[in-house]
Q: 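Let me give you the structure first, and then I'll get to my questions.
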Amino acid sequence: MSDFDATASADDSSSDPDVINEARLWREDGWTARIIKNDDDDGWAVEMTREGEREPTLIGPWTMGRDKKNPKPLDKSAFNTLVKTASEFRRRSEQQLHAQLHKHVTVDGDDGASIKVTLDIVPDEDFPYADLTAWDEMGEVLAKVQVAPNYKLNADSAERWVASSYRKPG
């Protein structure tokens, strides 16, 4: 009998019908861990998918069992570690996407006051665009124009925009 023959764990006593605690499939707390055959070699992989999402958040190698043929079964501890890893990966990906879509610089206006200029890209599939916005020190909007999503915001482009009295950049 291999260590993989244990298809359910003692944690399977939950009354929640969405909870699954099996050797190759573990679903709990909005996450699903699934052991899959690794297409790249003879081993196994685990994919972590967030509830409601079609694509896995994370896919990684999975440990072989003692028989060196079947995968090590999932358990509560391994699942919790996978959830933590997938959640951190997801958070970093969201932060990276946010940084790509939202940029800002601060420049001096004519009167020496600081003006924060932001670029917020809207990645619409059909008509992507970006909003270029100037803010005063009190957080009030001074100007806002729509620009191409590939507009390059930097200190020079922001200073030129402010100096042009916020005319839409060409």
Side-chain angles (χ1 to χ4, degrees), residues 18-20 25-41 43-63 71-72 74-170:
D18 293 332
V19 172
I20 298 172
L25 178 66
W26 199 285
R27 180 177 300 137
E28 201 172 305
D29 300 327
W31 284 97
T32 300
R34 181 183 320 272
I35 305 290
I36 57 174
K37 190 75 176 130
N38 188 342
D39 293 333
D40 295 335
D41 63 22
W44 297 89
V46 61
E47 63 180 20
M48 290 295 294
T49 306
R50 185 77 179 139
E51 184 177 313
E53 295 183 1
R54 292 201 264 168
E55 296 294 320
T57 298
L58 184 68
I59 299 175
W62 188 247
T63 308
K72 179 180 170 186
L74 284 164
D75 60 24
K76 181 71 171 172
S77 176
F79 179 77
N80 288 341
T81 299
L82 289 165
V83 167
K84 182 179 179 192
T85 302
S87 296
E88 289 172 0
F89 180 81
R90 181 184 172 100
R91 182 181 50 79
R92 283 193 306 272
S93 296
E94 287 170 352
Q95 287 174 338
Q96 182 180 9
L97 179 61
H98 181 81
Q100 289 173 343
L101 298 178
H102 306 281
K103 302 181 185 309
H104 72 276
V105 297
T106 302
V107 296
D108 291 330
D110 293 338
D111 60 359
S114 292
I115 298 173
K116 180 179 178 180
V117 178
T118 61
L119 180 71
D120 296 302
I121 300 170
V122 179
D124 185 279
E125 285 186 31
D126 297 323
F127 302 105
Y129 66 93
D131 287 323
L132 186 63
T133 310
W135 308 81
D136 69 12
E137 292 174 331
M138 302 302 287
E140 297 292 321
V141 175
L142 299 171
K144 182 176 182 178
V145 297
Q146 203 172 85
V147 295
N150 60 350
Y151 180 82
K152 301 293 182 208
L153 178 64
N154 55 41
D156 289 339
S157 64
E159 287 172 355
R160 284 193 304 274
W161 184 52
V162 170
S164 75
S165 299
Y166 307 106
R167 282 195 304 274
K168 185 173 180 172

Q: Taking atom OG of S165 and atom CG of L142, what is their separation to the nearest 0.5 Å?
A: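 It is 11.5 Å, given to the nearest 0.5 Å.
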Q: Is it true that a side-chain atom of E137 and a backbone atom of S114 form a donor plus acceptor pair closer than 3.5 Å?
A: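 Indeed, once roles are kept as given, a pair shorter than 3.5 Å links the two residues.
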Q: How long is the straight-line distance from OG of S93 back to NE2 of H98, given to the nearest 0.5 Å?
A: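 Going from NE2 on H98 over to OG on S93, the span is 14.5 Å.
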Q: Flag the pair V147 / W161 as yes when at least one side-chain heavy-atom distance between them is below 4.5 Å, and no otherwise.
A: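 Counting from C-beta outward, V147 and W161 never come under 4.5 Å.
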Q: Is the shortest heavy-atom distance from the side chain of K37 to the side chain of W44 under 4.5 Å?
A: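 They are in side-chain contact.
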Q: Does some side-chain heavy atom of Y166 sit less than 4.5 Å from a side-chain heavy atom of V145?
A: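 When only atoms from C-beta onward are counted, Y166 and V145 do not touch, as no gap falls below 4.5 Å.
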Q: Does a sphere of radius 6.0 Å around CD in E55 hold more than 12 heavy atoms from other residues, nucleotides or ligands, not counting ones at 6.0 Å or beyond?
A: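 No.
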Q: Show the numbers, then the answer: is there a side-chain contact (heavy atoms from CB on, under 4.5 Å) between T85 and F89?
A: CA-CA 6 Å; T85 302; F89 180 81; 5.6 Å; no
Q: For K72, does its backbone N or O pair with a side-chain atom of T63 as donor and acceptor, under 3.5 Å?
A: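 Such a contact is absent between T63 side chain and K72 backbone.
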Q: So which heavy atom on I59 is nearest to which on A45, and how close?
A: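 I59 and A45 have their closest heavy atoms at CG2-CB, 4.3 Å.
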Q: Does a side chain donor of either N80 or S77 reach within less than 3.5 Å of an acceptor in the other side chain?
A: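 No donor-acceptor contact under 3.5 Å links the two side chains.
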Q: Do you know which two heavy atoms are closest between A148 and A130, and how far apart they sit?
A: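 Taking every non-hydrogen atom into account, O-CB, 3.8 Å.
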Q: With a 6.0 Å cut-off (strictly less than), is the heavy-atom count around CD of E51, excluding the residue itself, greater than 12?
A: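 No.
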Q: Heavy-atom count check: over 12 atoms from other residues, nucleotides or ligands less than 6.0 Å from D124 CG?
A: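 Enclosed: over 12 neighbouring heavy atoms sit under 6.0 Å from CG of D124.
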Q: To the nearest 0.5 angstrom, please state how far the CD1 atom of I35 sits from the CH2 atom of W62.
A: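 So the gap between those two atoms works out to 5.0 Å.
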Q: Can you see which heavy atom on A33 is nearest to which on L74, and at what distance?
A: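 The answer is O-CD1, 3.7 Å.
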Q: Which atom names give the shortest non-hydrogen contact between V105 and A155, and what distance separates them?
A: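 Looking at all heavy atoms of both residues, the shortest contact is CG1-N, 4.2 Å.
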Q: Please lay out, stage by stage, how M48 and F79 fare under the test side-chain contact (heavy atoms from CB on, under 4.5 Å).
A: CA-CA 9 Å; M48 290 295 294; F79 179 77; 4.3 Å; yes
Q: Could you check whether any side-chain heavy atom of H102 comes within less than 4.5 Å of a side-chain heavy atom of T118, counting everything from C-beta outward?
A: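 No, their side chains stay 4.5 Å or more apart.
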Q: Tell me, do W31 and L82 make a side-chain contact under 4.5 Å, heavy atoms counted?
A: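 The answer is no; the side chains never approach within 4.5 Å.
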Q: Specify the closest pair of heavy atoms between L153 and A158, including all atoms of both residues, with the distance to one decimal.
A: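 In this case the closest contact between L153 and A158 is CD1-CB, 4.0 Å.
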Q: Which value, rounded to the nearest 0.5 Å, describes the distance between E47 atom CD and T57 atom OG1?
A: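 If I round to the nearest 0.5 Å, the distance is 10.0 Å.
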Q: T49 versus R34: any side-chain heavy-atom pair under 4.5 Å?
A: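 No, too far: nothing below the 4.5 Å cut-off.
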Q: Which value, rounded to the nearest 0.5 Å, describes the distance between D120 atom CG and Y129 atom OH?
A: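 The OH atom of Y129 is 9.5 Å from CG of D120, to the nearest 0.5 Å.
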Q: Check each of L132, N154, T133 against V117 using the side-chain contact (heavy atoms from CB on, under 4.5 Å) test, and report the only one that passes.
A: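 It is L132; the other options fail the test.
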Q: Rounded to the nearest 0.5 Å, what separates atom NZ in K76 from atom OG1 in T81?
A: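 Taking NZ in K76 and OG1 in T81, the distance rounds to 11.0 Å.
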